[in-house]
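Here's the structure we're looking at; comments come further down.
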Amino acid sequence: MDARRALVTGGAGFLGSHLCERLLDEGLHVVCMDNLITGSLANIEHLFGRAGFTFIHHDVTNFIHVPGRLDYILHFASPASPIDYLNLPIQTLKVGSLGTHKALGLAKAQGARFLLASTSEVYGDPLIHPQPEGYWGNVNPVGPRGVYDEAKRFAEALTMAYHRHHGVDTRIARIFNTYGPRMRADDGRVVPAFICQALAGEPLTAFGDGAQTRSFCFVDDLIEGIWRLLRSDHADPMNIGNPAEMTILQFAREIIRLVGSRSEIVFRPLPVDDPKVRQPDISLARRVLGWEPAVPLEHGLARTIEYFRAHPRTAAP
Ligand code: UDP
C-alpha cells in the first residue's frame, strides 16, 4: 500500500492530536512528533493501535530525522497558552524559529508540502477590527507575549522565504482561539479555566473588566479548515477561526448557564498586552476553501464540558 505520509510536530498537543486523528481517518500514515513539554501521551493513547501511526519523542528545535518518505509536514509544535509561553519563553522562541527552520529544511529535503500553524497573535492588540490577513498587526516585541507573537511572525517570514527562495510548497494557517476536548485543564486559557471553575463551583476569574472580546472556534471546525487549506494551493497566510465574537463576561455567563453552576464571577488584573478585541475576517477561507465554521458555540461547549467532567483538574492552577 502506498499511503501518503505526514509528519505532525506537536502531535501530542491539543490541536496536534486532533489533526493526527483526522489525517489517519483520511487514510494517511502519520508520524507524530512531540517533546511532551506541554503535550501529553494521554491525547494520543487511542491512536497507538491504529495502522499507520507512529510516535517519535523528539524536540524539533534539534535536527529532525524521520526514516522514510514524507509528503506533508504540519508544524504544530509550540507552547500555545499565555501561561505556557510566559513560563517557557525561550522554548517558545526556539520552537518558532529553530524548530520551524528544522521542519522547513526537512520539507525541502523531502519535497514535502509544509503547513505552519500560525496564530491570530501575529495581529497583537489589533487596531483593525475584524482582522483580515492583509493587516500587519500591532505587536509589542519586548512585552511578555512577544516571545510567542514574534516567534510566530518569524516562523511566517521563514516559511515565505523557503517558499519564494527554495520553492517549497507551503501553507500558513492563522489560527484564532480554538477550544474542545483535550485542552489541558491547567493551561490557563479562558475555556478550560472557566469550565473547570464552574464545574468545581468556584468563582470564574474574569481578567480586567471582562469587556475584551474573543471569537471561539470548535476544534472539529478548525481541523476541517486546516485539512482544506493543506489540500488547497494557497501559499499566503489564511485566517482559520470562528467570527462569532463575544466579551469575556458574556462568555463567563454562558459557561455558568451551560454547566448549570451557581458560581459567581470575580475580577482579576488584566495580563500585560492582553488584546482588547479579536475576531477573524474569514472571507478568504470562505472564498478559497469554501469553508466556514459549522458547530454552534453551545454544542461545542457541551462537548468540551463533557470532556472536563470526565477529566477534572486535580488542583487549582
Ligand atoms: N481570561 C480571563 N480569565 C481567565 C483566563 C483568561 O478573563 O481565567 C481572559 C484573558 O485575559 C483574555 C481572554 O480571556 O482576554 C482569552 O484568554 P486566553 O488565555 O484563553 O487566550 P488569548 O486569547 O488571550 O490568547
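Only heavy atoms go into these numbers, but all of them, side chains included; no hydrogens, no water, no symmetry mates. Atoms within each ligand, like the ligands themselves, are counted from 1 in listed order. From a predicted model like this one, the values you see are computed outputs, not experimental measurements.
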Verify the ring-centre separation between Tyr162 and Phe114: is it less than 6.0 angstrom?
-> no
If you look at each N/O of ligand 1, which protein N/O atoms lie under 3.5 Å away, and at what distance?
residue, atom, partner, partner atom, Å
ligand 1, 3 (N), Thr205, O, 2.5
ligand 1, 7 (O), Phe207, N, 2.7
ligand 1, 8 (O), Thr205, O, 3.3
ligand 1, 8 (O), Thr205, OG1, 3.0
ligand 1, 11 (O), Asp274, OD2, 2.6
ligand 1, 15 (O), Gln212, NE2, 3.0
ligand 1, 15 (O), Arg214, NH2, 3.3
ligand 1, 15 (O), Asp274, OD1, 2.7
ligand 1, 15 (O), Asp274, OD2, 3.4
ligand 1, 20 (O), Val190, N, 2.8
ligand 1, 23 (O), Asn177, ND2, 2.8
ligand 1, 23 (O), Arg214, NE, 2.6
ligand 1, 23 (O), Arg278, NH1, 2.8
ligand 1, 24 (O), Arg145, NH2, 3.0
ligand 1, 24 (O), Arg214, NH2, 3.1
ligand 1, 25 (O), Arg145, NH2, 3.2

Hey, are the side chains of Lys102 and Asn62 touching, using non-hydrogen atoms and a 4.5 Å cut-off?
-> no
Return each pair, listed once, that meets salt bridge (charged side-chain N to carboxylate O under 4.0 Å, His left out) where at least one residue sits in residues 9-30; pairs must be two or more places apart or across chains.
-> Glu21-Arg182, Arg22-Glu26, Arg22-Glu224, Asp25-Arg50
According to the salt bridge (charged side-chain N to carboxylate O under 4.0 Å, His left out) rule, which pairs have a member within residues 129-141, sequence neighbours left out?
-> none
Residues, nucleotides or ligands: over 12 heavy atoms within 6.0 Å of His101 NE2 | no
Could you pull out all residues at least two apart from Phe308 that satisfy ring pair (Phe, Tyr, Trp, His ring centres under 6.0 Å)?
-> none
